[in-house]
2 protein chains.
Amino acid sequence: MSTARHDRQETIKKATQLFWEKGFHATSMRNLQDVIDLRPGSIYASFGSKEGLFKETLQFYANASLERLAAHAATSPPLDALKAFITESVSAKKGSSPSDMCMLAKTVAELTQDNAELLAEAKRLLKTIETAFAQLVTKAQQEGALDEGREPQRVASFLQMQLMGLKAYSRATDGKANIKALIDDAFASLA
Amino acid sequence: MSTARHDRQETIKKATQLFWEKGFHATSMRNLQDVIDLRPGSIYASFGSKEGLFKETLQFYANASLERLAAHAATSPPLDALKAFITESVSAKKGSSPSDMCMLAKTVAELTQDNAELLAEAKRLLKTIETAFAQLVTKAQQEGALDEGREPQRVASFLQMQLMGLKAYSRATDGKANIKALIDDAFASLA
DNA sequence: TATTATCTTGAACAGTCGCTCAAGTCCAGT
DNA sequence: ACTGGACTTGAGCGACTGTTCAAGATAATA
């Protein structure tokens with residue numbers, strides 16, 4: 001039975017914060033040791049390598065995103081849930097989240113085939129989120145809130161692309177741009 | 001009376017390729033030495049530091065982008081030029097450019113305040129490109145190709161955001177997604 | 001309390017990082 | 001051909017990288 005003296009989930013959470021802020025390469029194991037308050041031996045016993053730990057933080061991040069989306073979907077109609085999720089993702093208050101970027105998109109941007117497994121994992125998780133989008137779009141169509149002629153997968157692609165663009169753009173402009181207006185423009189084509 | 005034995009522009013070009021592909025942190029000075037075929041002493045005499053060289057590659061990249069846009073604008077109506085520029089930027093054949101991402105967006109995604117000057121420079125260059133977009137939008141309005149009610153700056157923001165999203169999304173899906181369709185969707189709201 | 005199994009520690013490893021500088025190479029002017 | 005000055009070279013600097021492992025600390029069982 002696991003009798004670890006440190007909470008694994010809590011460790012992953014702290015590591016996620018740091019990796020999300022600084023990216024994979026700019027985060028050193030010594031940074032991590034300080035932040036998660038564990039010495040190398042423990043980290044390597046738990047996660048095997050820097051890559052192993054990073055992979056778990058990616059999954060942790062994606063999971064948290066899916067849960068946020070599900071929470072919106074539980075209380076709002078599908079389209080409203082999607083818009084609320086995207087708005088919340090993009091316009092999170094400065095400082096409340098480690099980076100203005102989506103951690104998965106940031107990872108895909110940063111890594112190359114030198115870290116093929118991590119790159120593939122980030123792509124896979126993005127696809128998972130997109131699938132969740134597509135399911136909500138389908139639900140919206142069944143409820144009559146959206147034209148049935150549109151292919152759900154294509155709409156989901158469009159939304160995912162928009163979300164990536166909005167977050168990247170928001171970061172590039174220090175959030176000074178009129179993000180709300182951009183989101184409205186983006187959703188206009190769905191109305 | 002520059003009598004340098006190596007062409008400075010050519011050096012910057014090669015460095016741009018490498019930085020664009022691997023990003024700032026993952027590119028080591030030893031990688032650079034091999035690719036641009038210069039020893040440390042020469043590099044530091046010419047560029048001062050890794051940061052100094054990177055800064056020049058950012059400017060080189062932005063300049064090349066502006067020139068591409070100008071070339072389209074010289075032979076096509078403004079809106080067509082914009083769409084052509086974006087299409088070309090996003091759907092460049094795999095392998096022809098070092099990364100599927102925009103180098104400036106990639107840099108903004110990667111860097112933090114630990115490299116404040118480089119981060120600021122990348123943001124500034126993105127803004128420069130956006131201004132060029134806005135000028136073309138204004139021209140389109142003067143020629144009657146676009147509703148005058150729209151604020152050019154807002155349209156330019158929207159386009160910049162779309163471009164960032166398209167490139168990031170294209171990278172995340174290995175170009176397997178129907179990018180053409182996404183571009184059409186993006187431009188649809190301007191028609 | 002003694003024993004055992006598990007978890008944690010931190011010094012140390014080989015390798016790489018960005019960078020410097022004395023020595024060497026090259027070429028223009030005489 | 002020779003000299004003077006600009007340019008290039010590459011060994012090597014101190015600091016830092018991801019990682020290992022023998023030794024120590026801790027909790028559970030007897």
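Just so it is clear: chains get the letters A, B, ... in the order the sequence lines come, proteins before strands, and each one is counted from 1.
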Completion exercise
B:Leu38 CG to D:dC7 C1', in whole Å, measures 11 Å
Problem - Aromatic ring pairing B:Phe85/B:His72, orientation class (parallel under 30°, perpendicular over 60°, tilted between) - result: perpendicular
Exercise for the section: Please determine if B:Arg124 and B:Glu121 form a salt bridge, counting it only when a charged side-chain N lies under 4.0 Å from a carboxylate O. Expected result: yes
Handout entry: Length of the line joining A:Asp114:CG and D:dG18:C1', which is rounded to integer Å
Key = 16 Å
Exercise for the section: Answer yes or no: does atom CD of B:Glu117 have more than 12 heavy-atom neighbours from other residues, nucleotides or ligands under 6.0 Å? Expected result: no
Practice task
Take atom CD of A:Gln33 and atom C1' of C:dT8, then tell me their distance rounded to the nearest Å.
Solution key: 12 Å
Handout entry: Interatomic distance, B:Glu51 CD vs C:dC19 C1' [rounded to whole Å]
Key = 13 Å
Handout entry: Pairwise 5' ranking along DNA chain C for A:Gly41 and B:Ser42, keeping only the more 5' one
Key = A:Gly41
Completion exercise
Between A:Arg39 and A:Asp37 the two heavy atoms that sit nearest each other are NH2-OD1, 2.9 Å
Pairs under 3.5 angstrom, nitrogen or oxygen only, protein versus nucleotides 14-17 of chain D, please.
from	atom 1	to	atom 2	distance (Å)
D:dT17	OP1	A:Ser28	OG	3.4

Handout entry: Interatomic distance, A:Ile36 CD1 vs D:dG18 P [rounded to whole Å]
Key = 12 Å
Exercise for the section: Would you please confirm or rule out a distance under 4.0 Å between OP1 or OP2 of D:dT19 and any side-chain N or O of A:Tyr44? Expected result: yes
